[in-house]
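Chain naming here is simple, since letters A, B, ... match the order of the sequence lines and numbering starts at 1 in each.
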There are 2 protein chains.
Amino acid sequence: MTTSPVDVPTTDSPARARILDVAASLFLEQGYEAASLRRIADEVGIQAASIYHHFTSKEDLLEAILRRGMAVMDEAFTAAEATTTGAGESQADRRSRLAAHVRAHLAALYENGPFTAAHVTTFRTAPAVVRDAIVPVRDAYEARWTDLLNDLTAADVPTGPARLMLLGGMNASVEWFDPTRGSLDDLAEVVTRQFWSGLTGHPDPTP
Amino acid sequence: MTTSPVDVPTTDSPARARILDVAASLFLEQGYEAASLRRIADEVGIQAASIYHHFTSKEDLLEAILRRGMAVMDEAFTAAEATTTGAGESQADRRSRLAAHVRAHLAALYENGPFTAAHVTTFRTAPAVVRDAIVPVRDAYEARWTDLLNDLTAADVPTGPARLMLLGGMNASVEWFDPTRGSLDDLAEVVTRQFWSGLTGHPDPTP
DNA sequence: GTCTATACCACGATAGAC
DNA sequence: GTCTATCGTGGTATAGAC
């Protein structure tokens with residue numbers, strides 16, 4: 001069951017959208033500080049000064065990218081929820097619910113532009129103003145995962161550390177996973193298998 | 001069984017050592033590009049120009065830090081091997097071998113200065129010259145993990161993706177784990193439990 | 001919405017005295 | 001081993017024409 005890429009609604013002008021795209025790519029590749037506005041503008045095919053027609057500052061540009069990355073993740077999570085509503089309560093049913101959400105998070109990382117991946121790699125060292133503005137949005141997304149994991153496991157299993165390891169492990173895959181060479185479905189399956197038994201304490205039902 | 005912090009032998013002068021310490025902290029906290037030599041020098045209590053008596057360039061300084069970070073990891077892995085030589089072949093014995101190495105890697109991240117953590121967070125976006133110089137050292141460390149995991153699991157279990165998830169998951173903990181608030185032993189136990197059953201397909205023997 | 005021109009500053013790095 | 005002084009470059013950002 002392969003979910004399709006999500007569509008995040010946007011009212012961006014074509015010019016603004018193009019800047020966001022290029023900037024996210026470069027922030028992901030080189031980091032926020034190393035990627036200069038001149039270089040971004042160059043790759044877009046405009047002058048650096050023109051960026052200020054669309055964004056008030058470089059920090060403002062970064063914030064827009066981080067927000068968009070979170071929007072993609074959130075949209076993917078919602079889509080995964082939709083495909084698993086009314087799922088049963090058997091261990092196999094629970095496992096496929098987890099699998100669907102894992103697949104959705106990874107798809108957000110690799111199938112909807114560089115926004116989500118750029119978010120993951122640049123957030124920690126982003127300027128404090130930007131980080132503070134984004135923290136609430138991140139917290140809301142993490143809370144959805146907390147609810148999901150609590151729902152999937154017995155009431156007495158502490159899901160806090162497991163959630164952090166799961167999200168951290170998936171996000172860390174941006175360091176080595178190449179979506180043009182590896183299969184996203186395979187990666188999702190590996191992640192799910194790796195975490196399912198550790199989470200529930202039961203052997204994995206899948207061969 | 002708590003392993004003690006490792007000692008990486010060094011011939012550094014006190015002045016050089018102090019610069020390395022401060023620079024690693026700032027690279028970790030703000031990223032390589034964002035941390036300026038002036039700021040580093042300021043925190044050390046010297047002038048920026050004085051750094052060039054000890055390092056030929058900012059890139060040279062980064063490379064020394066990344067190398068030191070790898071040395072700490074490697075030393076920790078070796079120490080873990082030493083404590084588990086002659087271990088048995090039972091599932092419980094294998095599990096504690098994994099646990100010892102997990103504990104060692106996490107200790108390297110949190111108990112021996114900011115070098116290992118700085119390595120983990122700055123490597124991906126480091127200047128190409130620096131990255132290329134460090135890649136062989138990283139590969140050697142990852143190969144040690146590959147050998148270990150192959151040794152711990154059945155011959156037909158593919159350990160490649162599991163190794164990447166395990167190391168990625170542990171390294172990603174620098175984003176949320178605070179060693180002054182949480183227990184390193186607890187974290188190591190969580191990581192081990194989370195991965196052991198997923199790796200072997202057998203239920204975790206620990207309550 | 002993009003341009004040219006430019007201000008202003010902080011950066012990495014070098015020279016040479018002590 | 002550290003200092004002062006300084007160079008050249010490239011960074012973000014602004015002003016104002018088109």
### Message
Could you check, using the six-membered ring where one of them is a Trp, whether A:His105 and A:Phe77 have ring centers closer than 6.0 angstrom?
### Response
no

### Message
Given the ring of A:Tyr52, does A:Lys58 sit roughly above its face, with NZ or CZ under 6.0 Å from the centre of the six-membered ring and within 45° of the axis?
### Response
no

### Heavy-atom check, side chain of B:Arg131 versus side chain of B:Leu66, under 4.5 Å
no

### Message
Using whole Å, what does the distance between atom C1' of nucleotide D:dG11 and atom CG of A:Asp42 come to?
### Response
15 Å

### Message
Using whole Å, what does the distance between atom P of nucleotide C:dG12 and atom CG of B:Leu26 come to?
### Response
12 Å

## Note on the structure
Between its two end axes (five pairs each) the helix from C:dG1-D:dC18 to C:dC18-D:dG1 turns, nearest 10 degrees, through 10°

Please list, pair by pair, any protein nitrogen or oxygen found under 3.5 Å from a nitrogen or oxygen in nucleotides 9-11 of chain C.
residue: C:dC11; atom: OP1; partner: B:Ser36; partner atom: OG; Å: 3.2
residue: C:dC11; atom: N4; partner: B:Arg38; partner atom: NH2; Å: 3.2

### Shortest non-hydrogen contact from A:Ala80 toward A:Ala100
CB-O, 3.8 Å

### B:Ala99 backbone acceptor or donor facing B:Ser96 side chain under 3.5 Å
no

### Summary
From CZ of A:Phe55 across to P of D:dT14 the rounded distance in Å is 15 Å

#### Entry: Carboxylate-amine/guanidinium contact A:Glu189 A:Arg95, below 4.0 Å
yes

### Query
How close or far is atom P of D:dG11 from atom OH of A:Tyr32, stated in whole angstroms?
13 Å

### Task
Hey, can you tell me if B:Trp145 and B:Tyr141 have their rings parallel, tilted or perpendicular (30° and 60° cut-offs)?
perpendicular

### Task
Report the distance from atom CD1 of A:Ile40 to atom P of D:dG11, rounded to the nearest whole Å.
10 Å

With 3.5 Å as the limit, what N/O pairs link the protein to nucleotides 2-4 of chain C?
residue: C:dT2; atom: OP2; partner: A:His54; partner atom: NE2; Å: 2.9
residue: C:dC3; atom: OP2; partner: A:Gln47; partner atom: N; Å: 2.5
residue: C:dC3; atom: OP2; partner: A:Ser50; partner atom: OG; Å: 2.9

### Message
Between A:Asp178 and A:Thr180, is there a side-chain donor-acceptor contact under 3.5 Å, judged purely by atom types and distance?
### Response
yes

#### Entry: Whole-Å gap separating P (D:dT12) and CG (A:Asp60)
14 Å

### Query
Do NZ/NE/NH1/NH2 and the carboxylate oxygens of A:Asp151 and A:Arg97 come within less than 4.0 Å?
yes

### Query
Are the charged groups of A:Arg68 and A:Asp12 less than 4.0 angstrom apart, N to O?
yes

### Message
If the threshold is 4.0 Å, N to carboxylate O, is there a salt bridge linking B:Glu81 and B:Arg144?
### Response
yes

